[in-house]
There are 2 protein chains.
Amino acid sequence: MPNAENRRAARPVRTTRRRPPATIYEVARKAGVSIATVSRVQRRNAPVAEATRARVLRAIDELRYQPSALGRSLAMGRHGATGIVFPDLSGPYYSEVILGFEEQTAAEGKSVLILGTHGRDQATDLVRDLAARVDGLVVMGRTIPDAEVAALEEQHVHVVMLARPPTGGADSIRTENRQSARDLARHLLDHGHRRICFIGDPSSSPDAAERWTGFCEAFAEAGLEPPAAPTVSSFRETDGRRAALAVLGDGEAATDGDTAGGGKKLRADRPTALFCANDEIALGAYGACAELGLRIPDDIAITGWDDIPIARYLTPPLTTVRQPLRELGARAARALLEITAGERNSPIHQVLPTELVVRASCGCERDEGKPDRGGDPN
Amino acid sequence: MPNAENRRAARPVRTTRRRPPATIYEVARKAGVSIATVSRVQRRNAPVAEATRARVLRAIDELRYQPSALGRSLAMGRHGATGIVFPDLSGPYYSEVILGFEEQTAAEGKSVLILGTHGRDQATDLVRDLAARVDGLVVMGRTIPDAEVAALEEQHVHVVMLARPPTGGADSIRTENRQSARDLARHLLDHGHRRICFIGDPSSSPDAAERWTGFCEAFAEAGLEPPAAPTVSSFRETDGRRAALAVLGDGEAATDGDTAGGGKKLRADRPTALFCANDEIALGAYGACAELGLRIPDDIAITGWDDIPIARYLTPPLTTVRQPLRELGARAARALLEITAGERNSPIHQVLPTELVVRASCGCERDEGKPDRGGDPN
DNA sequence: TTGTAAGCGTTATCAT
DNA sequence: ATGATAACGCTTACAA
């Protein structure tokens, strides 16, 4: 057995001599009752005589007793916590989703654990470990393979898929992509553009894949031949810049750090519009155009996706597609809370609508109001 | 708000009848050993015969055994998790800090719990509850009162203060404010400005208070009389706009929703420069100026704080002060990991340097390169 | 090298 | 209304 002696003695003195936290036993002894009674006093429902309750309460107060979350969870068989897993945690996308998720979950008195896999190869282990600490978790996109999701469910961890099509018996919450992409591409076609380049990586995420599909469908509907393939780029600004430079410039080395850009030589067959898979890529494209001396939207039209806060402040303001990010997180939370509470035993699948936000970067003149964004709390 | 119509209804019951997760006992029985041996196989250090280990490993695999984090934590007396508490979770500030915090903590194999108090009055209870689930936690700014921090330490929860001066025996990590604020205000004075207005709320956070102090010191150093008081505003864009409208306009109702603004009438004694306590406020000020027909920086200079991603994309680009946000989170994590690991028993206090980022909104011409920002992972 | 058994701090089921 | 006491799943002296 773990020797209690050691535990309390060993610590190399932090000036304030702190005694170990009080347990339910100490409270019981001090109040002259059994631990069962102390426990009852804590759980509201149980019947306890007013007098006893008062005594116990006083003991609790004097001992500054705080029940052990561990002991309680073990006894009850539930963690009272949920987790959310993302491939990455940087950027406006995640913070909004997390915000929505946390708000809902905390309101329910549950704790929130977050995990970013950051492309680490032990991602599966990390997720598995997280799963062992929560009653259920939300997994985003292609963070982990389908098989792993199944394994998780096997382990009795309720899981909700975020921005990913249904898998197994898990709930799923996504935003609409295909139709919006089709509308946006159609909009570009209506502007008269014919050589439109899709910048993004359909193989990197379900969302990107659907945007690419919708993009192609717009061409088909217009009786046009869609581009054979997308110009691959991750969802990062620097990568977007590189990709834009590649399709617009004439191949002069466009190294990442090369501020001078690839010179001003432009490709003859360059596209007249760039359909970026997200706003960060569009941001990179803006930079590339600046380097190449291309004016937006006169020389080239650009569209993004997400409507991140920066979008409306760019010059020209970025035409994009807004996703209800916070709502996405909130719904994921609600779904998870429902299943962990056993209120539902058959999976539901939701697809939240997105909204085309037409600004000036596509060639339109329109613009609109101002938003409020949360901020530095200090 | 998206419609719930698309919630697809019930597919019969969850088909997979899931048996409860395997325990260490089942593994032991299946492998023909004692639970102690199974436990030993899991903790690497313990000596176990190769043959036995193999048998146990196989049983673990077949049973898909995953040790209970609860049981383990209870037995070991540690949670293997840390928490971080913010007053709010929206905006670029938090996401960056959290990112830095999570990276460090996850790398150590520990889980991360996050909590936003969102001004809820039960904030203290929420924090106390969180504290019961972690080995230590980081508390930002004025989320909870000093007394509560002390109480937490009493409960054996290690705490690290973030963006807040030292309290009790807790570690503290902050960014430099006073000197930078002085430098920035001085810069404005050097531009010839004399009526400079500080927009922010010193009473809302230690950071804001220090910025106000430094701001005033710059005047004193220049032999000038500093403004008597700041123009109070929370850290939000809408509030910043309202405040800016109040000091610049001549009092026409500047209601929040009033897109038309307060007309074009300007105050005669209006300031020639706005020193905003953070970038969000500056953003609101930009909007206010647009409404009032004031050109930046010709008619009025504006500065912010934080250097949020949007800052460099504004027209004109915003002069501001950059804080090492991710580093702030990372350091907080490291400090926490050190104390929970018992590697240190006397508190340390760090103040990270900030960097003045001069762009065009203050009246300077300079500008600089492009950044990369994390993003939508889909 | 391996097994036995005593905790860890709760909740919950019995009796009383 | 209250008290014993058995779980809950694990780690770890100590014995064998």
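Letters A, B, ... mirror the listed sequences (proteins, then strands); counts begin at 1. Only heavy atoms go into these numbers, but all of them, side chains included; no hydrogens, no water, no symmetry mates.
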Looking at residues at least two apart in the chain, or sitting in another chain, which of them share a side-chain contact (heavy atoms from CB on, under 4.5 Å) with [X]?
| X | value |
| --- | --- |
| I60(A) | V27(A), Q42(A), V56(A), L57(A), Y65(A) |
| T23(B) | Y25(B), E26(B) |
| R64(A) | E154(B), Q155(B) |
| A123(A) | T117(A) |

Report task. Mind jotting down which residue pairs meet the side-chain hydrogen bond (donor to acceptor under 3.5 Å, both in side chains) criterion with at least one end in residues 134-148 of chain B? Sequence neighbours excluded, please. Result ->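 For residues 134-148 of chain B, and leaving out neighbouring residues, the side-chain hydrogen bond (donor to acceptor under 3.5 Å, both in side chains) pairs sorted by first residue read R128(B)-E148(B), D146(B)-R164(B).
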Requested in this report: List in chain and number order the residues that pass side-chain hydrogen bond (donor to acceptor under 3.5 Å, both in side chains) with E338(B), two or more places apart in sequence or in another chain; answer none if no residue qualifies.
Outcome: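 R344(B).
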Query raised in the report: Taking only residues two or more places apart in sequence or in another chain, which ones pass side-chain hydrogen bond (donor to acceptor under 3.5 Å, both in side chains) with R53(A)?
Result: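 Here no residue qualifies.
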Query raised in the report: Counting only non-hydrogen atoms, which of residues 51-64 of chain A are less than 4.0 Å from DNA chain D?
Result: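 By residue number: T52(A).
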Report task. Taking only heavy atoms on the protein side, list every residue of residues 31-40 of chain B lying under 4.0 Å from any atom of DNA chain D, sorted numerically. Result ->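 Within residues 31-40 of chain B, the residues near DNA chain D are I35(B), A36(B), S39(B), R40(B).
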**Report entry** Sorted by number, the residues of residues 124-133 of chain A with heavy-atom contact under 4.0 Å to DNA chain C
**Finding:**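 Result for residues 124-133 of chain A: none.
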Query raised in the report: What are the two closest heavy atoms between G136(B) and V157(B), and how far apart are they?
Result: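 Minimum heavy-atom contact is CA-CG1, 4.0 Å.
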Query raised in the report: What bend angle does the helix from dT1(C)-dA16(D) to dT16(C)-dA1(D) show across its length, from five-pair end axes and to the nearest 10 degrees?
Result: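 Computed from the C1' atoms at both ends, the axes differ by 40°.
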Do any side-chain atoms of residues 69-76 of chain B form donor-acceptor pairs under 3.5 angstrom with protein atoms, and if so which ones, sequence neighbours left out?
unit_1, atom_1, unit_2, atom_2, d
S73(B), OG, A69(B), O, 2.8
S73(B), OG, R78(B), O, 3.3

Requested in this report: For Q66(A), report the nucleic acid contact type (base, sugar-phosphate, nothing); a contact means any heavy atom under 4.0 Å.
Outcome: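 Q66(A): backbone/sugar contact only, no base atoms under 4.0 Å.
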